Amino acid sequence: MSKPLTIAVFASGSGSNFQAIADAVKAGRLDVRIALLVCDKPQAAVVERAEKEGIPSFVFRPKQFASREEYESEIVHRLKEHNIDLLVLAGYMRLITDTLVRPYYGRMINIHPSLLPAFPGLNAIEQAYEHGAKVTGVTVHYVDGGMDTGPIIAQRALDIREGETLDTLTERIHRLEHELYPEVIQWIREDRVRLDGRRVQRS
Ligand code: GRF
């Protein structure tokens with residue numbers, strides 16, 4: 001196949017999606033190289049996961065920079081250093097500005113735990129649960145400058161069961177994310193995803 005795809009994963013928290021991606025690579029289900037973890041929280045569990053996997057990380061404290069543009073410029077510099085082809089946001093809890101969007105639009109994706117455009121933003125699983133939705137799910141989309149607004153690549157749905165607790169729903173959503181995200185990254189690796197305005201086509 002064509003030249004290997006080099007990815008950077010962006011995360012701020014526990015990193016279970018990071019782990020699912022790393023595990024898919026190790027299992028041979030995903031043919032990419034994870035070259036970098038980008039993390040804005042030095043205490044996050046994902047940092048330890050990257051260490052264990054032998055994956056280099058760029059960990060920074062946003063407060064040490066004068067502005068969002070400034071730390072994003074530093075990130076762009078690191079991405080170039082590592083020849084990153086695809087930016088994979090997995091629980092990266094920061095808004096992205098033009099500094100990153102401009103050079104990487106169409107090469108930056110995110111996973112969100114609802115069926116967008118329903119329930120964007122924080123606590124999406126809880127939002128759907130509290131709203132009394134009957135169906136929810138997960139979305140993988142390209143990142144633009146908005147909050148969970150970019151073109152949708154893939155979605156997977158599940159029924160919210162009668163009497164289900166928020167905990168079990170959360171667990172099932174995470175399981176779905178861990179399946180879907182590596183799959184979508186592999187489609188991109190196989191060059192099967194085309195972005196055309198707001199529409200995304202998969203061959
Ligand atoms: C996931 O639910 C993802 O959809 C959202 O943030 C969460 C990250 O979880 N954007 P983890 O750090 O991958 O465990």
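Since we're looking at a predicted model, the values are computed, not measured. In listed order, ligands and their atoms are each counted from 1.
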Practice problem: Go through ligand 1 atom by atom and flag the ones less than 4.0 Å from a non-hydrogen atom of E177. | Solution: 1 (C), 2 (O), 3 (C), 4 (O)
Exercise. Look at the rings of Y105 and Y142 and say which category their plane angle falls in: under 30° parallel, 30 to 60° tilted, over 60° perpendicular.
Key: tilted
Quiz item: Is there a donor-acceptor pair under 3.5 Å between the side chain of R192 and the backbone N or O of S203?
Solution: yes
Self-check item: H77 versus E74, side-chain donor and acceptor atoms under 3.5 Å
Solution: no
Practice problem: Before signing off on this row, confirm whether N17 and ligand 1 have an N or O atom pair separated by under 3.5 Å. | Solution: yes
Practice problem: Check for a donor-acceptor pair, side chain of S12 on one end and backbone N or O of M93 on the other, with a separation under 3.5 Å. | Solution: yes
Check residues 52-60 and write down every donor-acceptor pair under 3.5 Å in which the side-chain atom is one partner and the other belongs to a residue at least two apart or another chain.
| unit_1 | atom_1 | unit_2 | atom_2 | d |
| --- | --- | --- | --- | --- |
| E53 | OE1 | K26 | NZ | 2.9 |
| E53 | OE2 | Q19 | NE2 | 3.0 |
| E53 | OE2 | K26 | NZ | 3.1 |

Practice problem: With heavy atoms of H174 as the reference, note each atom of ligand 1 found under 4.0 Å away. | Solution: 2 (O)
Quiz item: Can you find an N or O of G15 that's nearer than 3.5 Å to an N or O of ligand 1?
Solution: yes
Self-check item: Nearest non-hydrogen protein atom, atom 7 (C) of ligand 1
Solution: G91 CA, 4.1 Å
Practice problem: Only heavy atoms count here, so choose which of S12, A44, S16, G13 is nearest to atom 11 (P) of ligand 1. | Solution: S16
Exercise. Please work out whether any backbone atom (N, CA, C, O) or any side-chain heavy atom from C-beta onward of M93 is under 4.0 Å from ligand 1, and answer side chain, backbone, both or neither.
Key: neither
Quiz item: Taking atom CD of E183 as the centre, does the number of heavy atoms from other residues, nucleotides or ligands within less than 6.0 Å exceed 12?
Solution: yes
Quiz item: Okay, side chain of T168, backbone of E164: is any donor-acceptor separation there less than 3.5 Å?
Solution: no
Exercise. Please verify whether a non-hydrogen atom of A11 lies at under 4.0 Å from ligand 1.
Key: no
Quiz item: Which option, N123, I111, L89, L180, owns the non-hydrogen atom nearest atom 10 (N) of ligand 1?
Solution: I111
